[in-house]
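Quantities reported herein were computed from a predicted structural model and do not represent experimental measurements.
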Amino acid sequence: MRISVVEGTSMVGTVILSWSGGKDSAIALGELRRDPRYEVKSLLTTVTEGYDRISMHGVRVSLLDQQARALGLPLVKVPIPQAANNEQYESRMREVLTRECAHGVNTVAFGDIFLEDIRRYREEKLSQVGMEAIFPIWKRDTRELAVGFIDAGFRAILTCVDSKQLDGSFVGRTFDHSLLRDLPSGVDPCGENGEFHTFVSAGPNFSHPIPVRKGEIVVREDRFYYCDVLPDTQ
């Protein structure tokens, strides 16, 4: 994948990366580690209380911990109540980010690509705690990103599919060239519109692959198909 200039501030600073466990986060981390202006201090992930899973992606926290170890970075977890409203989410995030800012972190990086409203929201909320946002893969071509991710040797699995945007049969599939060919027109190759989410188990940033296997598939809210990704201990 080509090296890009990080979208955002030109200052040198310590960065915490908003980490979903998925491919866009992994691509963003690679870009940041190649950019001499930034030092990635840690990963920041929201986890749902009581479920011990990454919020929205549905991935087990035990696998999230394995990712952080393989990437050689500390993990900052933000516990979010089940069925949290926006006020609860923002309160928990503000508490953690205020603490990180006091410890010298001045920037949060995100793997967003083209959703302008999401970017404005993140910038506004971070400014309230004296921090700023950067977007390492902003406005990059999503098909090029997807192909480059696969060609670079990353491995990922679709953990969640929104069946209102993509057929639920895609959940649990490997994110590879075959999947890209099968995606219907109108579905973003990176799932940037929320069509699907992924879990990355191996790649250039990882010191070692994380052995996983597919578990049970369940449907939540009559639309979201989740594949339970399990540690493969065999």
Side-chain angles (χ1 to χ4, degrees), residues 14-33 38-84 86 88-101 103 105-113 115 118-119 121-122 125-126 129 131 133-137 149 154-160 175 190-192 194 196-203 205-207 210 212 220 224 226-231:
T14 304
V15 178
I16 187 169
L17 172 62
S18 178
W19 180 263
S20 68
K23 58 178 174 36
D24 297 343
S25 297
I27 299 171
L29 176 60
E31 295 289 344
L32 287 168
R33 282 180 157 172
Y38 302 103
E39 177 189 0
V40 181
K41 175 192 175 186
S42 56
L43 307 175
L44 178 75
T45 308
T46 58
V47 297
T48 304
E49 293 177 331
Y51 288 124
D52 287 329
R53 292 178 184 265
I54 301 174
S55 301
M56 194 62 219
H57 287 223
V59 173
R60 294 167 180 258
V61 169
S62 60
L63 289 175
L64 171 65
D65 290 335
Q66 288 192 49
Q67 278 187 326
R69 288 194 293 270
L71 293 167
L73 289 169
L75 181 62
V76 178
K77 299 172 186 174
V78 184
I80 303 295
Q82 297 176 28
N86 204 48
Q88 291 173 308
Y89 169 81
E90 290 179 357
S91 175
R92 294 291 179 91
M93 287 294 291
R94 184 166 52 249
E95 178 183 348
V96 171
L97 290 174
T98 299
R99 183 185 70 220
E100 291 298 315
C101 188
H103 291 164
V105 180
N106 51 32
T107 305
V108 182
F110 298 92
D112 301 306
I113 305 173
L115 298 179
I118 297 296
R119 174 172 178 152
Y121 172 81
R122 299 197 195 284
K125 294 304 176 183
L126 284 175
V129 294
M131 302 177 80
I134 56 173
F135 302 84
I137 55 176
F149 175 86
F154 284 98
R155 183 171 177 82
I157 182 174
L158 270 64
T159 61
C160 176
F175 188 81
C190 284
E192 179 69 352
F196 59 86
H197 300 289
T198 57
F199 172 79
V200 180
S201 60
N205 291 326
F206 289 68
S207 62
I210 301 170
V212 295
R220 307 288 188 198
F224 295 106
Y226 287 93
C227 177
D228 192 9
V229 180
L230 303 171

At what distance, to the nearest 0.5 angstrom, does [atom1] of [X] lie from [atom2] of [Y]?
X    : Y    : atom1 : atom2 : answer
S55  : E49  : OG    : CD    : 9.5 Å
R53  : Q82  : CZ    : CD    : 11.5 Å
I157 : T198 : CD1   : OG1   : 10.0 Å
T45  : L75  : OG1   : CG    : 5.0 Å
N106 : L126 : CG    : CG    : 11.0 Å
L71  : N205 : CG    : CG    : 6.0 Å

Find out whether [X] and [Y] are in side-chain contact, i.e. whether some heavy atom of one side chain is under 4.5 Å from a heavy atom of the other.
X    : Y    : answer
H103 : T14  : no
T159 : I54  : no
R122 : V108 : no
R99  : V76  : yes
R92  : P81  : yes
V229 : R60  : no
V129 : C101 : no
C227 : L158 : no

For [X] and [Y], work out which heavy atoms get closest and say how close.
X    : Y    : answer
F196 : C190 : CZ-C, 3.6 Å
F110 : A133 : CE1-CB, 3.8 Å
I134 : P136 : O-CD, 3.7 Å
V200 : G22  : CG2-C, 3.4 Å
T107 : M131 : N-CE, 4.1 Å
A109 : L17  : O-CD1, 3.5 Å

- Stepwise side chain to side chain contact (heavy atoms under 4.5 Å, CB included) check, L43 with L64: CA-CA 10 Å; L43 307 175; L64 171 65; 6.0 Å; no
Determine, stepwise, if the pair H57 / F199 fulfils side chain to side chain contact (heavy atoms under 4.5 Å, CB included).
-> CA-CA 8 Å; H57 287 223; F199 172 79; over 6 Å; no
What verdict does the salt bridge (Lys or Arg N to Asp or Glu O under 4.0 Å) test give for D52 and K77, after you've listed the backbone C-alpha separation in whole Å, the side-chain angles of each residue and the deciding distance to 0.1 Å? CA-CA 11 Å; D52 287 329; K77 299 172 186 174; over 6 Å; no
Check for me whether K23 meets the cation-pi criterion with F154, that is, NZ or CZ under 6.0 Å from the six-membered ring centre and within 45 degrees of the ring axis. no
Are more than 12 heavy atoms from other residues, nucleotides or ligands located less than 6.0 Å from atom [atom1] of [X]?
X    : atom1 : answer
Y121 : OH    : yes
Q88  : CD    : yes
R155 : CZ    : no

Determine whether a donor-acceptor pair (N or O, by modelled atom type, separation under 3.5 Å) exists between the side chain of S25 and the backbone of S20. yes
Does any donor atom in the side chain of Y38 or E31 lie under 3.5 Å from an acceptor atom in the other side chain?
no
